[in-house]
Amino acid sequence: MGEDPLVQAAYRLCRRTTRAHDPAVHALVQLMPAALRPACWALWAAANTLDDLADRPGVEPARRAADVAAWTKALEHDLSVGTSTDPVRHALVDAAARWRLDLSGLRGAMATTRDDAHGLRFTDWAQWRAWCNREVVPWVDQVRQLFDQAGAPMTLRLDRQADYRHFVDGAQLTDLLTDLGTDLAQGHLLLPRDAMEPFPGAEEDLIRGRWSPAVAALVADLTALARRWLTRPALTRGMHPGPATVLDTAAVLMRLQLDAIDAAGPTLLARPPRPSVVARARVLLPARLRSALVWGLSPLTAPGVRLPAAVKASEPGPAADDTALRPPPPHRDGARPPRIATDKMPNHVAVIMDGNGRWAQQLGLPRQEGHRAGAAAAHDVVYGALEIGLRHLTLYAFSTENWKRDTDEVVTIFEAVRRELDEGPLHDLDVRQRWSGRPDRLPQDLVDAIRREEHRTRDRTGLTLTICLDYGGRDEIARTAAALAQAARDGDVDPDLIGPDDFARHLPHPDMPDVDLLWRTGDEQRTSNFLPWHAAYAELYFTPDHWPDVDRRDLWRAITEYGRRQRRYGAAPSLPPTAAAVRDRRADCR
Ligand code: IPE
Ligand code: IPE
Ligand code: MG
C-alpha cells in the first residue's frame, strides 16, 4: 500500500466496503499476497459503487443512469490527472498506476451498468450470458490483468476458455440466487424467462415474493445448474499455483454458498443466505496455509516504474505495448502492391506453406534448413499482407500429422516458432498474433510464449495473423463437438435446434472469419486437414513453388487471381451474358 495517508485511507475504505458487502470475496482477496489486495478492494468497491448508484431505491431511473455516467466520466478525468477527491476513485487510480492496469476494458461494463438503471429482463440464457460478459467479466478480467502484471499469470490453457466462461457464469448465477430476495424487493428479476418456464407459476410467485413448490423446484434446478457450471476440475491445471489456489477456493466457497441457498427454503426471499462460519473456516483455513506457502515460494515481480498520470482509461495499457509500431520494410526490389477494388479483396487468406523439405533437399541441405528459410518467406508474406491491407492471414505451420516426422525436424520447427515469438521481425508491426491448435502436446514454454504474444499484441488493429500449430481440422471439429455436447449437457443449447451457427460459436476461435482464399504452395493439390470448417467455401489456389522461394509478390498474385473468381455459393450465375459472348456463341453454333 502507498505511503500517502490519503491513499491508505482510500484503500481501507474499499476494504471495509468489500468485507461488509461480500465476505466471501473478501476472504478470497485475503488469499492473495498483501501487495495485491488493495487493488482488488479498489476494483470491488468501484464495481459496488456503480451498482449502488444504478440500483438506488426510490430514485428515478434517468437520474440513476445519469449518476453512473457522471461517476464514470469523473473516473476518466481522475485517471488523466492521477488523483481523485473521491476515495474509491482515488484508490482505483492509484491501483491502476501502481500495477499498470488498463482500465479501458471497464468502459463497456460501466456503460452497461448505466443502462441497467432502466431495468433488466432476459429472455434466455444467451441474453443473460451476453449481459454477464459485458458487465461482470471485464471486472474479473482486471484481476486477471493484475495477476499478469505481478508475474503470476492466471494463464488458462488454450482449450480451457470454455471452462473459464462457465465458471464465471456459475459464479454469477450463485450471486444472483444469493441476492434473489434483495433484488425482488427492488423489483428486479434477473433470471431468464426460459429458465423459469418449465416451472409453471414460479415467475409470478417470485414477482409477488411468494415461496411456493414451483419456486422451490426452480431454485433447486438452478443451484444444480450453477454447481455443474462451477465444477471445472481441469480449469486451473498448469496454472500458476497462486491464482490457482484463489480460483479453486472460490469454487469450493461458491458450492458452500449453493448449499446454503438450498437449505434456506422460504427465507431465501427474505435475506441472503450465508454458509455457517464453521463451514467457511473449514475451507478457508487450509486455503490460507496453502496460499501462504505457494506465494512464499513464488514471490511477485511488481512492475518497476510507476506511471503516475500516464495510465489513462482511454489509452491501451503498457502490456499492449504499441508505443513503437513501425511499417513493414519495403520489398527488396521496391515492388509495390497492386490496387485491388474493395469488392475483389479477400477478407481472410489461409496458406499451406508447403515445400520446405524439398527446397532444402534440392540444394543438398538438411530438411531443417528448409524450415529456417521458410520463416523468412513467411515474414515477407506478412509484410505484403500489411501493405495490401489484408485483414486476416492464417498460416499452417505444423499439423497434427506432422508429429510423424523425425524428432530433430519437429524440434527445429518449434525452435523456429519460439525464436519468432521472442525476437522475430514481426514484433513491432501492426499485427495481432493468434494461435490455433492443440496446446496440450506443445512444450509448456512455447505455449507460455504464445500466450504472452497474444496478450501483448491483442489491441492491434492492422492484420490478424493466426499461426496454426499442432493444428488439425478434424481435431478442431472433434473438440468443438465436445464443447457443444457439454453445452447441451449444461442446458445452454437445445440439441434439437443445433445448427451451423451454434457449431461455429463453439469453435476454439469463434470469431475467425470464413476463409475466402486457400493457397497452397509446393505443387500439391490437397488441403491436408487444414481449416475444413472455415474453408468450406474458399477459393482454392495451388502454386508450384516451394515455400522458401515465395515472397510477398506471390501473395499479391494470389489475391489478384482471387479477384477474377466468381463466387456463387450455390446460386445461378447472376450476370447476363455480354453482347460479345452471345455473338461468339452464335458463331460457334454455325
Ligand atoms: C511444409 O514443408 C512445412 C511443414 C510441414 C512444417 P514440408 O516440410 O512439408 O516440405 P515438403 O513437403 O516435405 O517439401
Ligand atoms: C501440410 O503440409 C502441413 C503444413 C504445411 C504445416 P504437409 O507436407 O504435412 O502435408 P502432406 O503430408 O503433404 O499432406
Ligand atoms: Mg509437405
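Numbering of ligands and ligand atoms starts at 1, following listing order. We number each residue from 1, following the sequence as shown. Atom set for the values below is all heavy atoms of this structure, side chains included, hydrogens, waters and symmetry mates excluded.
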Under 4.0 Å between a side-chain nitrogen and a carboxylate oxygen: does that hold for D354 and R520?
yes
For ligand 2, which part of K404 has a heavy atom less than 4.0 Å away: the side chain, the backbone, both, or neither?
neither
Measure centre to centre between the rings of W533 and F503, then say whether the value is under 6.0 Å.
yes
Distance under 4.0 Å to a non-hydrogen atom of H371: what atoms of ligand 1 satisfy this?
3 (C), 6 (C), 8 (O)
Please determine if R332 and D551 form a salt bridge, counting it only when a charged side-chain N lies under 4.0 Å from a carboxylate O.
yes
Just to be sure I'm reading this right: ignoring hydrogens, which of L469, V351, I352 gets closest to atom 5 (C) of ligand 2? Compare them by their nearest heavy atoms.
I352
What atoms in ligand 2 come closer than 4.0 Å to a heavy atom of S528?
10 (O), 11 (P), 14 (O)
Which protein heavy atom lies closest to atom 13 (O) of ligand 1, and at what distance to 0.1 Å?
R367 NH2, 2.9 Å
Under 4.0 Å from one or more heavy atoms of R405, ligand 2 contributes atoms 7 (P), 8 (O), 9 (O)
Could you tell me whether W229 and W125 have their ring centroids closer than 6.0 angstrom?
yes
I'd like to know if the side chain of Q142 reaches the main chain of L101, judged simply by a donor and an acceptor atom lying under 3.5 Å from each other, with no hydrogens or angles considered.
no
Taking the cut-offs as 6.0 angstrom to the six-membered ring centre and 45 degrees off its axis, would you call R144 and Y164 a cation-pi pair?
yes
The answer for which part of C468 has a heavy atom under 4.0 Å from ligand 2 is neither
Test N347 against H392 for side chain to side chain donor-acceptor pair (under 3.5 Å), laying out the working first.
CA-CA 6 Å; N347 179 42; H392 292 266; 4.6 Å; no
Distance flag for atom 2 (O) of ligand 2, protein heavy atom under 4.0 Å
yes
Looking at the Mg ion (ligand 3), is one of the N, O or S atoms of D354 less than 2.8 Å from it?
yes
Is M353 near ligand 2, meaning one of its heavy atoms is under 4.0 Å from it?
yes
Hey, is G355 one of the residues with a heavy atom under 4.0 angstrom from ligand 1?
yes
Please walk me through it: do D448 and Q444 pass side chain to side chain donor-acceptor pair (under 3.5 Å)?
CA-CA 6 Å; D448 291 345; Q444 188 57 43; 2.9 Å; yes
Ring centres under 6.0 angstrom apart (F414, W403):
yes
Less than 6.0 Å separating the ring centroids of Y537 and Y569?
yes
Residue, atom and distance of the protein heavy atom nearest atom 12 (O) of ligand 1 read D354 OD1, 2.7 Å
Element-labelled atoms of ligand 1 that are located less than 4.0 Å from some non-hydrogen atom of N402:
5 (C)
Tell me which protein heavy atom sits closest to atom 6 (C) of ligand 1, plus the residue, atom name and distance to 0.1 Å.
A397 O, 3.3 Å
Could you identify the single nearest non-hydrogen protein atom to atom 10 (O) of ligand 1 and state the distance to 0.1 Å?
G357 N, 2.9 Å
Distance-only side-chain donor-acceptor flag, E420 / H379, under 3.5 Å:
yes
Is the centre of the W295 ring less than 6.0 Å from the centre of the H240 ring?
yes
Should R358 be listed as contacting ligand 2, given a heavy-atom distance under 4.0 Å as the test?
no
Which atoms from ligand 1 have a heavy atom of I413 less than 4.0 Å away?
6 (C)
For ligand 2, note which part of F398 has a heavy atom under 4.0 Å away: side chain, backbone, both or neither.
backbone
Does E524 come within less than 4.0 Å of ligand 2, judged by its heavy atoms?
no
